[in-house]
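Here is the structure we will look at.
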2 protein chains.
Amino acid sequence: MTAEPTRRGVPEATVGRLPGYLRALTSLGDEGRASVSSEELADLSGVRSAQVRKDLSSLGSYGVRGVGYDVPRLSDQIAAELGLSRTRPVVIVGMGNLGRALASYGGLTTRGFHVTALVDTDPAVVGRRIDGLTVTTMDRLTPGSTRAGVGVITTPAGAAQEVADALVEGGVRSILNFAPAVLRVPPTVHVRAVDLAAELAILAFHEHQQALSTADGEDVG
Amino acid sequence: MTAEPTRRGVPEATVGRLPGYLRALTSLGDEGRASVSSEELADLSGVRSAQVRKDLSSLGSYGVRGVGYDVPRLSDQIAAELGLSRTRPVVIVGMGNLGRALASYGGLTTRGFHVTALVDTDPAVVGRRIDGLTVTTMDRLTPGSTRAGVGVITTPAGAAQEVADALVEGGVRSILNFAPAVLRVPPTVHVRAVDLAAELAILAFHEHQQALSTADGEDVG
DNA sequence: AATTGTGAAAAGATTCACAGCA
DNA sequence: TGCTGTGAATCTTTTCACAATT
């Protein structure tokens, strides 16, 4: 029993798709749609319908055979499963371009997350107000403001580990890391990394392969 | 034979880890290290050593038993595999906070990528200079500037599909999509999505599960 | 003695295909 | 009839363990 496996066994791959389903369901709900089929939900989420059914059944779902899934009910179900009912504090560390962009990013402020602190070390930035919050230094963070919350690291790679340590110390149990660095954290702390350079490199790989295979005379549509 | 499978069969999961290896190797190289073991490289990349060996062997690697991998040589090998030898043009569409942040993001401008155009529809933004480039409208993009390049979408979700269509029209074959929307593109075009809200939701899920299991009396170190 | 490369085993994820139900 | 839920089949990924090699 490490920190990894999930309570009632929702597979990790399924968890990764739940936000996508929720997004689609939210937009269906806004249009006043009462029910949706796995086929349509799959289409809106960019996956296959069998996948949708498997995923939702692993949640102990409440679809109706011959009809589909109840949109508001399934929304609530997924939001509850994701733990989005309770609002979580977010601390952003590193007030460069990316940090500032995230601080004012609407998608972050909406469902379930609330930016409670902005942090930087640069004295020229500390004390400035960004999007209604005053930038503080790391050591001014109160443990209460970060407990059971999410830390977002948008510092240069060199500072990332130090920041992660401080966040963990301050009670953060989840970290979203934009710095191109591997973080060492206790096993109770979850880290997700978003590496823009890596994403581009992966795209470059596929383009490269495509170029090679067309040069070799494969047909490409 | 769709567009998916890779020339000499480098598994997709492996491709996803190559940028991480390259990052570690680059930093080892900068320190003047001549060789590295799978064990150490694994440690630096946050994976297991067996994984590293499998991954590198699928590249047709050139490690030396009893010694390890030659750092500069392996770097070159991976960079070549990823297609990072040739510089690729990047077009960023959507000059909000995130778009501006990416436009001046160093990690993007370095290895293999070069931002060649910034695009927005807002007349108040078009014509402005950001980071040495003048913001244009979509229709002023020359096909040549985007061909075989990468399009980055940082617009609101509602505009994303339209932008993707235009990028594809303009010759882009890879898209990095930050808008929370599923894009429909021809099968020859590769899309990777970065969804910040989804990342946070996934972290929230794990925190939520952890909270549940501790409440149920599981030990958590 | 140290470390790679790789078959084989195990685990995980996806897809199929159809029984079961409204 | 239409669509879910799921066992079985398939495919992919990870991990193990050890022979091969310097």
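In what follows, every chain begins at residue 1, and chains take the letters A, B, ... in the order their sequences are listed.
- Residue A:Q51 places none of its side-chain N or O atoms closer than 4.0 Å to OP1 or OP2 of C:dA13.
- When distances run from any side-chain atom of A:R17 to the nucleotides C:dA13, D:dT14, C:dT14, the shortest one goes to C:dT14.
- Set against C:dG5, D:dT6, D:dT4, the side chain of B:Y69 has C:dG5 as its closest nucleotide.
- Applying the salt bridge (Lys or Arg N to Asp or Glu O under 4.0 Å) test to residues at least two apart or on different chains, the pairs with a partner in residues 40-67 of chain B are A:R184-B:D43, B:R17-B:D55, B:R33-B:E40.
- Taking B:D165 as the reference, B:Q161 meet the side-chain hydrogen bond (donor to acceptor under 3.5 Å, both in side chains) condition, with sequence neighbours excluded.
- Looking at heavy atoms from C-beta onward, B:S38 lies out of side-chain contact with B:L41 at the 4.5 angstrom threshold.
- Residue pairs satisfying the salt bridge (Lys or Arg N to Asp or Glu O under 4.0 Å) criterion with at least one member in residues 185-201 of chain B, sequence neighbours excluded, are listed as follows: A:R23-B:D195, A:R192-B:E199, A:E199-B:R192.
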Heavy atoms under 4.0 Å is the rule here; annotate nucleotides 16-22 of chain D 5' to 3' with B where the base is hit, S where only the sugar-phosphate is, and - elsewhere. SB-BBBB
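- For the pair B:D55 CG and C:dT6 P, the computed distance is 13 Å after rounding to whole Å.
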Validation: residues 90-101 of chain B side-chain donor-acceptor distances under 3.5 Å, sequence neighbours left out:
| from | atom 1 | to | atom 2 | distance (Å) |
| --- | --- | --- | --- | --- |
| B:N97 | OD1 | B:R100 | NH2 | 3.2 |
| B:N97 | ND2 | A:S104 | OG | 3.0 |
| B:R100 | NH1 | B:M95 | O | 2.9 |

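- B:L56 places its CG atom 12 Å from the P atom of C:dT6, with the value rounded to the nearest Å.
- By the side-chain hydrogen bond (donor to acceptor under 3.5 Å, both in side chains) test, B:R86 pairs with no residue at all, sequence neighbours left out.
- Among residues two or more places apart in sequence or in another chain, the side-chain hydrogen bond (donor to acceptor under 3.5 Å, both in side chains) test is passed with B:Y69 by none.
- For the segment residues 34-44 of chain B, residues with any heavy atom less than 4.0 angstrom from an atom of DNA chain C are, sorted by number, B:S37, B:S38.
- One atom, CG of B:L18, and another, P of D:dT13, lie 13 Å apart when rounded to the nearest Å.
- The side chain to side chain contact (heavy atoms under 4.5 Å, CB included) test applied to A:E169 returns no partner, not counting sequence neighbours.
- One interatomic measurement links the two molecules: CD of B:Q77 to C1' of C:dT4, which rounds to 15 Å at whole-angstrom precision.
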